[in-house]
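Here is the naming used below: chain letters follow the sequence lines, and residue numbers restart at 1 for every chain.
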Amino acid sequence: MSMLTEDAARIFEAPEYRIEGPLKVSGRARYTADVKVPDALIAKFLLSPLPHAHIVSIDTSAAKAVPGVKAVLTGADIGLKLFGRVLYDWPVLAVDQVRFAGERVAAVAAETREAADDAIKLIQVEYEDLPSVFDAEEALRDGAPLLHPDPSGYFYGMGKRGDRPNLNLQGYELVKKGEEDIERVFASAHRVFEDEYSGPRQHQGYIEPHACVLWIDGDDVVHVYSVAKAPFGLRTQLSRVTGHPSPKIVVDSMFIGGDFGGKGNVIDEFPCYYLARATGRPIRSINTYAEELAAGAPRHAVKFYLRTGVDRDGRIIAHQSRAYFNGGAYGAAKPMPNCLVPAGVGPLEVYNVPNTRIETFVSYTNTVPCGHMRAPGSIYAGHAGEGHIDHIARELGMDPVEFRLLNCVRDGDRGPANEGFHKPKAVEVLEAVKRETSWGRPLLPNHGRGVVLRHRHVGTGKSEIVLRLLKGGKIEALYATPDQGSGSATVVRRVAAAVLSVDPERIEVRYGDTGEARLDGGSGASRVTHVVGQATIAGATSLKEQLQDLAAEVMGWPAGKVRLEGDRFVVADGSGEGGDFADVAGRIAAGGEVEAIGAYDSNTLSHDEADFNFYAYMIEVEVDPDTGRVEILDAVQVVDVGTIINPVAHQGQLDGSFVFGFGNAMMEELVEQDGLITTLSLGEYKLPTQMDIPPLRTVLVQDPVGCGPFGAKAAGEITNSGVAAAVANAITDAVGVRMKTLPLTAERVFASLQEQKGGVI
Amino acid sequence: MRTFDYHAVGSAAEALDLLAQYGEDAHLMAGGTSLMLMMEQGLIQPGHVVGLRSANELRGIGASSGGIEIRALTTHREVERSSHVRDYCPTLVEAFERIATIRIRNQATIGGNLVHADPAQDPPPILLALDAEVVIQSKIGERTVPLDGFFRDYFETVVEEGELLASVRLPAIVAGTKSTYVKFLPRTEDDYATLSVGAALRLGADGSCEHVRVALGSAAPTPIRARKVEAALQGQRLTGPMIDEAAELVRDEVDPLDDVRGSAKYKREMARVWTGRALRSLLDGGGK
Amino acid sequence: MKLEHKATIAAPIGQVWAFLMDVPAVAKCAPGVESVEPLGDDKYRGTIKVSVGPIRLAFQGDVSIVERDEVAHTASMRADAADKRAGGAVKAVLTMSLSEVSTDPPVTELRMETDAQIMGRVGEFGQPIIRKKADQMVGEFGQNLSKAIAAGIAK
Amino acid sequence: MPAHRRLVDLLREGLGLTGTKEGCSVGVCGACAVLVDGDMVSACLMPAIFVDGTSVETIEGLSPPEGPLTPLQECFIRHGGFQCGICTPGQIMAATALLRDNPHPTELEVKRWMMGNLCRCTGYYKIVESILAAASGEGAPS
């Protein structure tokens with residue numbers, strides 16, 4: 001369905017009034033840490049101080065003696081229980097061995113936080129150091145310490161695990177396209193370019209730390225209030241880890257205080273289950289932000305090695321890349337098959353490259369397990385790939401936009417991993433850069449402009465939604481997608497109203513926990529508008545048919561002739577008969593509730609031509625050559641979008657995406673020293689503030705051809721991964737140095753300038 | 001956090017009595033912003049906290065022999081919004097406006113700030129540039145110490161056990177003296193400085209440097225005066241290149257920490273750059 | 001965290017070496033050391049007090065000589081200590097090596113390479129400050145060592 | 001309440017006023033911003049004992065559960081001044097204090113005042129827009 005109906009156009013174009021707005025602006029929206037359960041105990045965890053060690057002994061006797069302490073559990077008490085999203089390799093509590101500093105060694109439940117803290121300090125653990133490896137590439141060398149010598153017992157949730165050439169690999173992938181002997185193509189190239197790029201671990205920076213409240217009721221039902229963005233996924237994991245039957249686990253993650261990938265990985269629920277079992281009391285766990293930064297599941301650090309050959313006309317003929325992602329001690333936090341970071345194939349994702357050889361390595365190291373963060377891996381793939389492209393264009397003496405226009409994918413082209421595109425908009429967004437920005441105009445000294453072309457898949461998944469006509473004539477939409485701020489409830493309301501052709505105010509959207517609502521894949525990968533929106537269309541279409549039939553029945557109208565349109569039931573037989581929605585629906589509902597289930601699974605879509613949002617950036621900077629400080633003077637994001645359902649929220653997502661990418665590009669770095677994270681507060685790990693954000697302009701290139709409802713595409717994590725490359729390319733344009741390591745700190749720029757001058761500081 | 005006994009006192013004398021009574025086990029609390037964090041982390045675990053908030057005699061801003069006196073409990077926000085302070089020296093206002101965020105400035109006090117002795121704080125460099133003194137009170141009386149000499153080491157000052165910092169005194173500013181405060185923030189605007197410089201300059205009728213002060217924050221374990229830079233400029237007829245040359249000397253005077261705000265090497269270079277920029281702006285008629 | 005220090009001692013290499021092998025005597029040169037008790041097998045137990053302004057930490061732990069090469073004049077010591085009150089721990093390996101600068105007058109150079117990890121809650125607080133503090137302390141330790149050896153010789 | 005409890009503990013745990021959020025716990029993020037005698041402070045850095053004898057305003061005090069929202073709250077909804085909502089009570093308390101202090105701020109004044117309230121979702125543009133809209137009289141009950 002790509003054409004907008006009149007109803008849809010009217011409903012979608014009006015600025016929305018978000019359903020959850022009143023709760024959120026009044027402090028009444030209930031987040032997990034706000035949940036109070038009588039008699040709850042506080043949970044605290046003892047974390048390993050060492051990156052790799054054998055646990056010789058643990059003595060909990062002094063901790064157990066602390067007044068108010070109700071349970072102290074170690075791995076010996078609960079056994080080796082492994083959890084994960086796809087690969088179950090992370091122990092709930094360490095058994096015999098710790099593999100990263102921050103790993104949980106013991107769990108305490110106590111009446112007060114103070115008692116829990118005291119108990120933690122009194123647990124005596126004797127460790128014996130083991131050799132550690134912290135670097136992704138070193139982990140793959142001969143003789144590197146093996147973190148998981150025998151992974152055969154690890155459960156893997158996606159069929160057969162891919163082959164891995166080294167036991168220190170969580171994931172490995174080799175993608176090839178075109179000529180088998182790529183060296184032959186490189187040998188024939190007019191020129192070959194090589195570059196190395198790297199980026200650090202970064203933290204999602206959500207403001208709400210992980211929290212969970214868990215209790216087991218008299219009927220042995222486990223109730224969980226969680227920050228998990230995929231509550232059904234958590235239910236499955238909890239069931240598999242604990243053996244507790246999944247129908248007797250109810251997960252409620254209604255409001256999530258910031259996700260950005262970080263709430264895909266939750267770890268507190270598992271030990272809290274065992275603490276609740278041990279004490280018979282509800283357990284409440286709220287992490288400190290220091291714990292979040294030390295042992296959350298940050299974005300992977302990465303190193304890219306890129307090599308690209310071009311012909312005499314500047315056309316890319318071959319591309320080879322190797323990406324080494326530092327996965328940390330466990331692969332458990334990643335939701336992708338084979339524990340891959342999806343951006344491994346990403347550096348040249350928007351270009352028509354006939355011959356490729358792309359390898360992705362995700363290593364085990366004795367560092368914090370890494371997970372997903374907004375457009376996982378893509379910021380680094382973008383920085384590497386678009387810096388590399390910029391480098392090639394400049395070396396060839398070509399305008400960077402023209403070079404991209406020459407090589408980008410068009411209708412029918414296939415990407416470097418041989419992927420197909422449904423109506424790719426690379427050319428359109430590049431043309432908009434030329435048309436709508438200052439690209440190509442004269443520049444002042446130390447000023448420069450950078451351009452970037454990237455894309456982002458709209459996201460896939462499955463979801464089910466229940467639409468019900470309630471007594472009184474309201475229509476309830478019940479679904480289980482947690483609200484992490486995207487405005488999905490309002491999407492559901494507007495899409496349902498557009499399909500049903502009723503006043504949106506008639507649709508009451510309600511979140512349901514896993515006990516009440518139907519299966520949902522959770523929010524993430526920018527999928528919600530697409531997946532939940534399509535489920536809503538299915539449900540609303542079915543409900544509409546039922547209501548039309550029932551209207552005929554209760555009103556005595558001719559069967560098959562009743563249409564619901566313009567908030568009225570009308571009889572399409574020329575009689576002019578009909579009635580207001582409220583009156584007729586009221587009479588239908590008096591006979592009982594009417595229910596329809598809308599289900600959607602994106603797997604039913606053709607995978608041959610996938611849907612992407614293409615986008616481009618044009619960013620102008622000024623570099624202070626004496627300090628290396630970079631100021632963004634002008635930022636324009638050009639975004640290929642489909643139908644927009646919530647215009648205010650849609651722009652808000654694009655704004656937020658830019659600023660998120662700005663922080664990632666300019667300042668964010670989780671510093672690790674000997675396996676320990678040392679940036680342990682938001683005073684050290686800085687996020688952009690109001691005063692730091694540059695002026696931003698958004699140019700929409702709109703075409704309602706997406707796979708979402710009414711031709712919608714994604715909005716959430718499209719443009720964040722282009723900022724770093726655009727700024728880095730602009731720095732090159734301004735002062736001639738190419739910044740190959742993120743973040744683009746003043747010090748790094750300064751050092752590059754010194755090096756360029758040949759000076760040593 | 002360990003629990004403690006909280007003693008709200010109404011006067012400095014009461015506070016000093018409690019300090020005498022509990023010795024090392026007592027800790028003074030003014031605004032509490034830094035102390036709360038250190039106690040929360042378990043780094044300081046006093047049995048007794050002496051809360052100064054109601055000791056009104058320790059609060060307020062007034063004139064003092066041609067200059068100005070800022071009592072210890074005055075919040076940063078009060079300093080920033082005080083017309084007294086603005087009339088005395090607008091640069092002081094600008095420096096205080098740069099401290100963290102309004103929330104912190106509403107709570108944190110000038111006395112607490114100085115006693116905390118974090119070298120990355122904003123007030124010390126500008127106060128050093130303006131030749132501030134501090135008044136330290138004990139049961140046996142008062143002593144006045146120049147701020148230059150007040151800081152001993154990281155988090156360490158000359159305030160001894162049984163003493164409290166009562167006020168900060170700033171002398172009259174000789175007509176024609178200009179001052180400036182520059183804070184280099186390459187990450188975010190609410191960050192601690194990577195490097196900061198407070199400077200004051202007065203030129204004589206013949207254009208020679210009659211008076212010069214350069215002080216730096218985030219440049220060493222304590223806020224410091226750049227005496228070699230000052231000495232190189234004192235009495236000279238200043239030019240831009242001469243300032244740049246003198247600013248080079250600051251490299252030997254600083255001893256910065258390596259941290260997320262910059263390596264020691266980088267901060268050393270930034271000390272040079274910002275010392276030069278601060279002084280050049282004063283020479284070029286900038287500053288207040 | 002890796003630290004490097006050098007100290008020059010006006011004494012023959014053999015004498016310096018002999019002094020270095022006397023762990024309690026060496027330990028007394030470290031600023032803040034309160035007690036050192038031998039446990040046997042080149043192992044010792046001790047307490048060291050460290051303060052940064054109002055923050056006062058007392059690390060208790062063990063020091064052992066893990067390597068000694070009398071011919072090459074190198075030795076390494078390992079220390080594992082914890083502060084119970086604040087909840088912090090230190091793990092450090094100190095490698096000391098001597099080289100003869102001249103024999104007449106006798107001058108020996110002592111090089112100390114320290115590789116330390118600060119863990120736990122103390123580590124959450126300002127690693128850069130800890131590094132600076134550790135650097136200061138090892139530097140002071142080197143100076144005290146030279147003084148103590150010189151004093152021993154003067155006796 | 002024991003002496004060592006922070007104001008944020010008093011509000012959230014002691015009084016059940018969970019509209020005030022706890023984020024960074026080090027005074028940086030602003031999620032726990034409340035007004036004490038009209039001045040915004042970080043409830044995570046303030047000892048609870050400090051508020052003895054003062055007036056403390058939290059998000060719960062701005063609009064009664066069933067009553068109308070303030071114009072500022074309305075503007076945050078209409079202009080997309082929130083997304084996940086975890087920082088929103090702090091943003092609104094800070095902006096409330098701003099508009100009392102300076103009813104017609106410039107954009108720069110808004111940004112300066114609001115600098116201490118981190119938001120990881122919105123990118124801030126729509127927070128500024130929401131506050132300026134409220135300052136211009138939008139969102140008032142008609």
Side-chain angles (χ1 to χ4, degrees), chain B residues 1-2 19 23-29 34-50 112-121 150-161 163 192 194 218-222 254-264 266-267, chain C residues 1-6 30-34 47-61 81-90 92 112-144:
Chain B
M1 201 189 308
R2 291 244 135 254
L19 290 183
E24 263 211 346
D25 200 26
H27 208 290
L28 292 172
M29 185 185 274
S34 298
L35 189 59
M36 284 293 283
L37 286 180
M38 288 165 109
M39 291 199 301
E40 186 71 28
Q41 288 174 319
L43 296 168
I44 305 180
Q45 300 174 3
H48 300 269
V49 170
V50 179
N113 179 286
L114 295 178
V115 171
H116 181 51
D118 178 339
Q121 291 286 352
F150 175 77
F151 301 108
R152 261 195 193 142
D153 198 351
Y154 239 108
F155 297 160
E156 246 180 84
T157 69
V158 300
V159 177
E160 301 290 342
E161 207 178 302
E163 291 186 320
Y192 287 108
T194 287
S218 300
T222 67
V254 301
D255 176 21
L257 285 184
D258 269 311
D259 64 16
V260 286
R261 291 165 191 89
S263 68
Y266 180 62
K267 287 180 186 171
Chain C
M1 148 170 104
K2 292 184 174 56
L3 306 167
E4 282 183 31
H5 289 270
K6 270 187 213 171
V33 164
E34 299 245 308
T47 306
I48 182 165
K49 286 200 166 169
V50 181
S51 65
V52 182
I55 303 166
R56 295 197 172 86
L57 305 167
F59 287 96
Q60 288 181 313
D83 172 278
K84 286 285 161 214
R85 221 167 58 114
V90 180
M112 289 181 291
E113 285 173 26
T114 314
D115 189 354
Q117 271 172 273
I118 314 289
M119 297 161 298
R121 293 184 87 172
V122 171
E124 287 176 19
F125 158 85
Q127 287 275 353
I129 300 172
I130 294 170
R131 165 187 280 271
K132 197 97 186 167
K133 188 78 196 173
D135 196 49
Q136 260 177 23
M137 286 174 65
V138 180
E140 210 178 307
F141 172 59
Q143 286 168 10
N144 292 348

Inset, instruction - Could you pull out the closest heavy-atom pair between Leu43(B) and Ile55(C), with the gap in Å? - result: O-CG2, 3.7 Å

Inset, instruction - Let me know if Asp259(B) has heavy atoms under 4.5 Å from chain C in its side chain, its backbone, both or neither. - result: both

Inset, instruction - Kindly write out the residues that satisfy salt bridge (charged side-chain N to carboxylate O under 4.0 Å, His left out) with Glu161(B), not counting sequence neighbours, or none if the list is empty. - result: none

Inset, instruction - Could you look at Pro119(B) and say if it's the side chain, the backbone, both or neither that has a heavy atom under 4.5 Å from chain C? - result: neither

Inset, instruction - With a 4.5 angstrom heavy-atom cut-off, could you sort out which part of His116(B) is near chain C: side chain, backbone, both or neither? - result: neither

Legend entry - Atom CZ of Phe150(B) with >12 non-hydrogen neighbours under 6.0 angstrom: yes

Legend entry - Considering all heavy atoms, the nearest Pro221(B)-Lys132(C) contact: CG-CE, 4.0 Å

Inset, instruction - Step through the shown structure and confirm whether more than 12 heavy atoms of other residues, nucleotides or ligands are within 6.0 Å of CZ on Arg2(B). - result: no

Legend entry - Partners meeting salt bridge (charged side-chain N to carboxylate O under 4.0 Å, His left out) with Glu156(B) (sequence neighbours left out): none

Legend entry - Interatomic distance, Phe155(B) atom CZ to Lys133(C) atom NZ [nearest 0.5 angstrom]: 11.5 Å

